[in-house]
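Working notes, structure below.
Atom set for the values below is all heavy atoms of this structure, side chains included, hydrogens, waters and symmetry mates excluded. In this text the structure is predicted, and so the values were computed from the model without any measurement.
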Amino acid sequence: MKYFIVRKGVEFVIYKVSDELEQAFRQKYDKEILIEENALTDALIRFEQEFMFSIDFNTENSFPSEKDTGSAGAQPASDKMEGGDSDPPGKAR
């Protein structure tokens with residue numbers, strides 16, 4: 001049994017592959033395989049050591065910008081609190 005970490009677009013996927021299916025897996029994901037180890041913990045440690053700080057997480061085209069709220073027009077939360085339990089006791093509302 002081996003563990004493989006494969007890059008698929010902007011995501012990283014961990015696969016647990018049996019010995020019988022390893023050759024077929026290698027043929028399918030040949031160029032996308034980043035890490036292969038016999039233990040999951042070893043694969044994760046090696047991934048962190050070799051890739052974590054050098055990965056370009058360029059997701060500009062993958063996810064909408066925070067500023068692009070579309071027609072819903074979501075607004076950022078205000079720091080000002082009105083009503084609720086934050087008013088002093090006895091204050092008229």
Side-chain angles (χ1 to χ4, degrees):
M1 193 72 60
K2 283 201 176 176
Y3 293 86
F4 293 87
I5 299 180
V6 174
R7 185 166 190 171
K8 293 179 117 183
V10 296
E11 296 180 334
F12 297 92
V13 181
I14 299 172
Y15 291 97
K16 181 179 178 181
V17 180
S18 67
D19 295 336
E20 303 85 47
L21 299 175
E22 185 178 337
Q23 189 62 33
F25 180 85
R26 287 182 183 280
Q27 289 175 348
K28 182 174 182 177
Y29 293 106
D30 180 49
K31 293 185 184 347
E32 292 86 16
I33 296 173
L34 299 176
I35 302 287
E36 69 176 83
E37 290 289 341
N38 292 322
L40 178 58
T41 53
D42 293 340
L44 293 172
I45 290 168
R46 191 166 151 215
F47 176 78
E48 181 181 29
Q49 291 172 342
E50 295 183 17
F51 292 98
M52 197 59 198
F53 299 107
S54 64
I55 296 171
D56 178 18
F57 289 100
N58 182 4
T59 59
E60 184 176 295
N61 295 326
S62 301
F63 301 101
S65 167
E66 289 181 28
K67 293 179 183 177
D68 181 15
T69 59
S71 60
Q75 299 296 317
S78 172
D79 291 340
K80 180 180 175 187
M81 293 187 67
E82 295 181 21
D85 294 334
S86 64
D87 288 340
K91 180 179 176 186
R93 291 185 193 190

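For the pair Val6 and Tyr15, the tightest heavy-atom approach, listed with the atom from each and the gap, is CG2-CD1, 3.8 Å. Closest approach of Asp19 and Met1 over heavy atoms only: OD1-N, 2.9 Å. A pairwise comparison of heavy atoms in Tyr3 and Ala43 identifies CB-CB, 4.3 Å as the closest pair.
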Working note: Phe12 + Phe47, criterion side-chain contact (heavy atoms from CB on, under 4.5 Å); need CA distance, chi angles, decisive distance, verdict.
CA-CA 10 Å; Phe12 297 92; Phe47 176 78; 3.8 Å; yes

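Partner Ile35 forms a side-chain contact (heavy atoms from CB on, under 4.5 Å) with one of Gln49, Arg7, Glu50 and no other, that one being Glu50. Between Phe4 and the options Glu32, Glu22, Lys16, a side-chain contact (heavy atoms from CB on, under 4.5 Å) holds for only Glu22.
Proximity of Lys2 to Asn38: side-chain heavy atoms (C-beta onward) are separated by under 4.5 Å at one or more points.
Hydrophobic cluster membership is shared by Leu34 and Leu40, with clusters built from Ile, Leu, Val, Met, Phe, Trp and Tyr side chains linked at under 4.5 angstrom.
Rounding to the nearest 0.5 Å gives a distance of 11.5 Å between CD1 of Ile33 and NZ of Lys28.
Using a 30° and 60° split on the angle between ring planes, Tyr29 and Phe25 fall in the tilted class, from 30° to 60°.
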